[in-house]
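Written out below as structure tokens is the structure these notes cover.
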Amino acid sequence: MNIGISCLHELMPMHLVVGLDGRILSKGRTLSKLLQGNGHVSEAFRGDVGRILLQRGGGSLRSISLKSNPEISLVAHCARSGDLLIMNFGFGASLAKAARAFDLTNSDFAATDLAMEFFFLREANRAISEELNRVNRILKDAREVAERLSITDPLTGVLNKRAFDLELAAAMETRDRAPFSLMSLDLDFFKAVNDNLGHIAGDSVLMSVADALRSSLRNEDKVCRVGGDEFLAIIRNCTDRGTLLNMAERIISAIHDIRPPGFANLSVSIGISTSERCGTVHGLLSGADIALYRSKKAGGGIATIIDMP
Amino acid sequence: MHGLVNRSVEAFTRATYGEDLWKRVLLRTRADPNIFLTWSDCPNRVTYSLVVAAARLVGKSMNEYLEDIGSWLTRQEQIRRLLRFSGGNYRDFLESLQDLPDRIRLVIPDLLMPDLCVVLDSADCYRIAASHHQPGFLQIIAGVLRGMADDYGSLAIIFASRNRITARVAQSEYAMKRHFSLDPSSPLRREALR
């Protein structure tokens with residue numbers, strides 16, 4: 001059986017036929033793009049690869065660096081036929097790098113080579129992960145919106161009761177290190193605003209009240225709308241009577257400045273309890289309620305701090 | 001139907017006819033836009049109702065709309081590239097169409113689609129059939145074949161009927177091929193240099 005060299009060229013674009021002296025006798029068309037020098041294997045590859053292949057006279061060898069581009073390493077498979085060494089090369093893991101460096105195209109690979117499948121998979125995977133990233137981003141945004149909605153009062157943007165209960169429980173847990181106070185606030189005569197101006201005006205008053213609370217308190221304090229015209233606030237790291245009454249005074253005056261059309265001014269009653277005097281969440285809430293009741297009874301527009309639990 | 005199919009209908013419709021039209025499609029079909037986020041399965045009737053509604057709103061037949069989706073897919077660079085891996089010229093591409101479903105399953109195993117069978121009827125005429133009938137499938141494939149003929153610079157006449165596509169390749173190299181490099185980062189740069 002005699003196989004012509006043209007067959008090698010047709011079937012194996014990455015072949016090399018080398019004489020026992022190391023001289024290159026035939027070179028596949030794709031390999032021709034990769035190798036510099038024409039004469040001897042030692043000109044084509046870095047290191048002693050040419051000699052090793054010649055000595056072995058067969059088998060396979062990996063990590064063969066090109067002289068023309070040391071970053072690309074080939075895999076060789078060779079067999080001896082008489083005084084010829086027939087080698088076939090593959091790109092191994094350098095495939096993508098080599099395609100870029102040598103501008104390879106479909107026609108540079110044997111029809112049986114899985115290179116095209118590799119390129120296909122590589123790009124398909126990239127496209128899929130881009131699509132998954134897009135989906136993840138949308139889901140993440142949606143979750144953030146949902147989280148925000150689940151902890152805030154939709155009208156005023158302050159915390160809702162559920163989120164406030166969690167804050168209160170957390171504050172209770174650390175009250176030894178960071179004593180705090182609870183403020184209960186209730187607008188005086190708010191029903192009259194709603195009845196005379198309508199609910200839309202009433203809602204806008206509530207929004208202004210929430211703004212007034214936010215700007216009168218500090219960032220670390222927590223404000224919540226319990227429902228209707230009732231608000232609660234956690235005043236962190238503060239149980240001092242004078243400071244608390246000052247804060248309450250600021251709130252009363254800020255709310256006083258909200259003037260719904262047709263109303264001279266708005267007033268709020270405040271009841272305050274402190275974590276030092278009330279040892280439980282229930283005690284705090286009812287203490288603030290009792291204090292609020294006293295402020296209301298005294299005519300509204302003032303703040304009361306509960307003395308006893 | 002796989003969520004990606006709905007996603008294709010969505011992306012084509014939004015890109016071609018605009019956001020407002022897509023919103024009307026969603027309102028008409030009462031489809032939940034969130035189904036397009038996932039890879040998961042969704043009832044076939046949702047997909048069909050989207051196509052029917054969109055086609056009606058833009059005054060096309062359902063078949064025309066599906067073929068347009070197929071052609072549009074071939075103009076999306078990432079998808080065009082994936083299709084170009086199937087062959088060096090249009091004839092290779094048509095002949096390797098049988099492998100396309102397998103290739104797709106290699107990447108998205110749960111995307112169910114009929115197998116394709118390609119028969120060479122005469123020297124320049126291919127007959128393409130699906131292993132089982134899935135309404136609309138061959139119309140999308142016909143659109144893909146049309147788009148890829150342009151991409152390969154071939155002159156081909158594609159005709160889709162209910163259960164087969166005939167593709168007559170009048171001239172395999174009729175116009176300039178669109179450029180294709182194995183390196184996804186290079187094509188634009190290199191084309192600019194030419």
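Worth saying up front: this structure is predicted, and the values here are computed from it rather than measured. Hydrogens, waters and symmetry mates play no part in the numbers below; they use all other heavy atoms, side chains included. Quick note on labels: first sequence line is chain A, next is B, and so on, each numbered from 1.
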Measuring heavy-atom distances to chain B, does [X] have an atom under 4.5 Å in its side chain, in its backbone, in both, or in neither?
X	result
A:I138	side chain
A:F118	neither
A:T105	backbone
A:A127	both

### Query
Does a side-chain N-to-carboxylate-O contact under 4.0 Å join B:R80 and B:E77?
yes
### Query
Is B:R164 positioned over the aromatic face of B:F159, cation under 6.0 angstrom from the ring centre and no more than 45 degrees off axis?
no
### Side-chain heavy-atom pair B:R28, B:V25 within 4.5 angstrom cut-off
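No, their side chains stay 4.5 Å or more apart.
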### Message
Can you classify the ring geometry of B:Y152 versus B:F93 as parallel (below 30°), tilted (30 to 60°) or perpendicular (above 60°)?
### Response
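Plane angle between 30° and 60°, so tilted.
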### Task
Please state whether the rings of A:F45 and A:F89 are parallel, tilted or perpendicular, taking 30° and 60° as the class boundaries.
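The arrangement is parallel - the two ring planes meet at less than 30°.
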### Engaged part of B:R7 at the chain A interface, taking heavy atoms whose separation is under 4.5 Å
side chain
